[in-house]
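For reference, the structure is listed below as structure tokens.
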Amino acid sequence: MENLENVMEAILFALGREITTEELAKTLEINEEEIIKSVDNLKNRYTENNGVKLIDINGMIQLVTNNKYYEQVNKFVENAKRQNLSISAQETLAIIAYNPKITKTEIENIRGVNSDFAVSRLLECGLIEEVARLNLPGRPAAYSVSNEFLRSCGINSVEELPNYENIKIKDEQMLVSDYEDTTKDEEKIEE
């Protein structure tokens, strides 16, 4: 197709959401390899200084605003999804991020409190999504983080999140080293 990159750019801009290369190929009636090649060319077209960039997250492509210009753009656009999250919503989001396909009951067992509001708020913000219905009584929903969450974190998949065990170990080491430093200070005072 003539001007395929320009056509794709126009579609991505007008669509305003993510789309797969398969969807583009099917709709435009073009070989998917051509679409993928054009995606790569489009990515190269946008530099760090451009106002927009093309991102590829979990096989989904989207034209988005360059984070570099967030402050200036934010002056003109009210973004309801960027509202501050409560501590309970942040806790719930972390639990879901590190435990994909988790049910609300499992979240509540980890947190020890009702998580209805936190889960509802995260769904409303588009940071999590229902990914399955379990074959259990009541058919509970299973949740995972959404592509919006990945985009907000600037990562392509949950595998890029910091390793939870390393964070836990670093926190424990910090506490131990803080305690040791305090003890040394106390010994100096006693001398």
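Note that this is a predicted model, so its numbers are computed, not measured.
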Roughly how far, to the nearest 0.5 Å, is [atom2] of [Y] from [atom1] of [X]?
X      : Y      : atom1 : atom2 : answer
Thr105 : Leu136 : OG1   : CG    : 9.5 Å
Ile96  : Leu122 : CD1   : CG    : 5.5 Å
Ile155 : Asn58  : CD1   : CG    : 9.5 Å
Ser146 : Leu127 : OG    : CG    : 5.5 Å
Leu24  : Ile35  : CG    : CD1   : 5.0 Å
Gln62  : Leu15  : CD    : CG    : 8.0 Å

Kindly check if the number of other-residue, nucleotide or ligand heavy atoms within 6.0 Å of [atom1] ([X]) is above 12?
X      : atom1 : answer
Glu160 : CD    : yes
Gln90  : CD    : yes
Lys101 : NZ    : no

For Tyr143, the option from Thr103, Val119, Thr92 that meets side-chain contact (heavy atoms from CB on, under 4.5 Å): Val119
Is a donor from one side chain sitting under 3.5 angstrom from an acceptor on the other, for [X] and [Y]?
X      : Y      : answer
Ser86  : Ser88  : yes
Ser157 : Glu159 : yes
Glu18  : Asn147 : yes

Does the side chain of Ile110 come within less than 4.5 Å of Ile102's, by heavy atoms? yes
Ser144 side chain near Phe149 side chain, heavy-atom distance below 4.5 Å: no
Tell me whether [Y] is reachable from [X] by hopping between hydrophobic residues (I, L, V, M, F, W, Y) whose side-chain heavy atoms are closer than 4.5 Å.
X      : Y      : answer
Met60  : Ile11  : no
Leu134 : Val131 : no
Ile36  : Ile61  : no
Phe117 : Leu85  : no
Ile87  : Leu93  : no

Can you name the closest pair of heavy atoms from [X] and [Y] and give their distance?
X      : Y      : answer
Asn50  : Tyr69  : O-CE1, 3.2 Å
Tyr46  : Leu54  : CD1-N, 4.0 Å
Leu150 : Asn156 : CD1-O, 3.7 Å
Leu28  : Met8   : CD1-CG, 4.3 Å
Ala89  : Ala118 : CA-CB, 3.9 Å
Ala97  : Val145 : CA-CG1, 3.6 Å

Test salt bridge (charged side-chain N to carboxylate O under 4.0 Å, His left out) on Arg121 and Glu124 and set out the steps. CA-CA 5 Å; Arg121 179 75 177 115; Glu124 176 185 304; 2.8 Å; yes
Quick check on salt bridge (Lys or Arg N to Asp or Glu O under 4.0 Å): which of Lys43, Arg45, Lys53 does Glu9 satisfy it with? Arg45
Dump the intermediate steps for salt bridge (charged side-chain N to carboxylate O under 4.0 Å, His left out) on Glu148 and Arg151, then the final yes or no. CA-CA 5 Å; Glu148 177 64 27; Arg151 195 173 13 262; 3.2 Å; yes
Holding to salt bridge (Lys or Arg N to Asp or Glu O under 4.0 Å), I want the full list of residues that pass it with Lys104, two or more places apart in sequence or in another chain. Glu108, Asp116
